[in-house]
Amino acid sequence: MAKVVHLGFLGCGNIGGGVWKLLDAMHDEILQRDGLDIRVERALVKSIPEARTDVPAEILTESAADVLEDPAVEIVCEFMGGEQPAASFMERALRAGKTVVTANKMALALHWHELQAAADQTGAGLYYEASVGGVIPIIRSLTVSLEADRIHRIMGIVNGTTNYILTRMAREGASYADVLADAQRLGLAEPNPAADVEGFDAAYKLSILSSIAFHSRVTVDRIYREGITGVTPEDIAFGREMGYTLKLLAIGKRSGNTVEVRVHPTFLPDSHPLARVDGSLNAIFLHGDFCKDMMLQGRGAGDMPTASAICGDILFAARAVRHTVPSFRNTAETDPALTVTDDWSTRYFIRMKVTDAPGVLARIADVFGQRDISLAAVMQKGSEGEKARLVLITHKARERAVREAIAALDPAIAQVVSCIRVENGEA
Ligand code: HSE
């Protein structure tokens, strides 16, 4: 006997339409293979007359209550995006005992504790595989497959828009503004690109990933965030000459009870697997005590890849005898047992304009040396008027010491143009 599973959709745009298409195409196969007869009962849209969807008109509604209060609906699939009303609708669904499947990283990262509490109260399931990395099965890998491991480091390219922009800037030597404008014309960047280019999207995803990987809640407000708006083709070109590729990385590291969580443009050695993840692809590289280094790569966005991950959650939820819960106390604040440090240690690429005169390099090196910052490479190349272009790569140094050194440089001889962190994937 087939098990009938009734779904309700909140939102029916690109992603909802993709899920409908996939369920329609796979319905008979899923029924035959898994014994699950998946049916969409109701779908919430903003305006029925303006709805552009393949979902049959008779199941469309403009009232959220028609989905949230329909006793037949067991699984609510949220495709609205944004923080509200998506989060409160999901909470209502969970409080009514309905399982929720969502790809909404913002609502999840900001309201996870409330959603989890509602799910715990009724025993409903909360599934969010598509919230990070699109179709890449990173959530289930961390929560199920790698649960017995101890993950120390995650480095992710988790935003396709910025990866696309940086890839084109590197290939074409083009400016950030020109590539962004082109990406917007092609529909690959939003008309208001702030969520992507300022790193907010990546920070929500990092909050979810690091909470799961480190078995402790890490909230978005504790994540250091720097976007790609200040990246120049000159930085990318200088980096390339020194064997580095620039990516916007979401980095989470745990050592004992200290964690560092940061999103910023990062140089990686060209040989690092993440350096070869180009265009709008996403990838997550992680390191655990027992799994050692591993990387998952795939499409981080797009209607059908995202629909694939969402439908995987729907089938998982439909079969579950008891729903899975996170391996940590899902609280409103970052786990008080953790210390979130902003004084991490990494390597730095520092580009400056300096006076081209005897003794200048020694004076600059001294400012760094006094703060225990050791230089690994120095490149002087070309000039701008009276000034020489100088790039330093440091050995591992403390963030605060590097900031102090930059502030202590004599502006009469050196002006820092950019400072970009360098990672090699090690501790
Ligand atoms: N705006 C996101 C990206 C979509 O560019 O990757 C998926 O969250």
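All residue numbers refer to positions in the sequence shown, counting from 1. Every number for a ligand or one of its atoms is a count from 1 in the order of the listing.
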*Verify the ring-centre separation between Tyr224 and Trp344: is it less than 6.0 angstrom?*
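Judged by ring-centre distance (under 6.0 Å), Trp344 and Tyr224 do meet the cut-off.
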*Tell me whether the centres of the aromatic rings in Phe349 and Tyr244 are closer together than 6.0 Å.*
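No, the ring centres sit 6.0 Å or more apart.
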*Under 3.5 Å, N or O to N or O, is Asn282 touching ligand 1 that way?*
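N/O-N/O distance below 3.5 Å does not exist for this pair.
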_Polar atom proximity, Gly300 to ligand 1 (N or O, under 3.5 Å)_ =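 So ligand 1 has no N or O lying under 3.5 Å from an N or O of Gly300.
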Do the side chain of [X] and the main chain of [Y] share a donor and acceptor less than 3.5 angstrom apart?
{"X": "Arg254", "Y": "Phe214", "value": "yes"}
{"X": "Gln380", "Y": "Leu390", "value": "no"}
{"X": "Asp149", "Y": "Phe290", "value": "yes"}

In the protein, which heavy atom is nearest to [atom], and how far is it?
{"atom": "atom 1 (N) of ligand 1", "result": "Asp196 OD1, 2.8 Å"}
{"atom": "atom 4 (C) of ligand 1", "result": "Ala301 CB, 3.9 Å"}
{"atom": "atom 5 (O) of ligand 1", "result": "Thr161 OG1, 2.6 Å"}

_Taking only non-hydrogen atoms of Lys105, do any sit less than 4.0 angstrom from ligand 1?_
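Lys105: in contact with ligand 1 (<4.0 Å).
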*Rounded distance [0.5 Å steps], CG in Asp70 versus OG in Ser63*: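 Nearest 0.5 Å value for the CG-OG distance: 10.5 Å.
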*How does Thr162 reach ligand 1, by side chain, by backbone, by both or by neither, if only non-hydrogen atoms under 4.0 Å count?*
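Under 4.0 Å from ligand 1, Thr162 contributes no heavy atoms.
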*Hey, is Lys205 touching ligand 1 through its side chain, its backbone, both or neither, going by heavy atoms under 4.0 Å?*
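Lys205 to ligand 1: side-chain contact only, backbone stays beyond 4.0 Å.
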_Those atoms of ligand 1 less than 4.0 Å from some heavy atom in Asp201_ =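 In order of number, 2 (C), 8 (O).
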*Considering only heavy atoms of Gly160, which atoms of ligand 1 have at least one such atom less than 4.0 Å away?*
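With Gly160 as reference, the close atoms of ligand 1 come out as 3 (C), 5 (O), 6 (O).
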*Are Arg185 and Asp182 within salt-bridge range, i.e. N to O under 4.0 Å?*
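Yes, Arg185 and Asp182 are salt-bridged.
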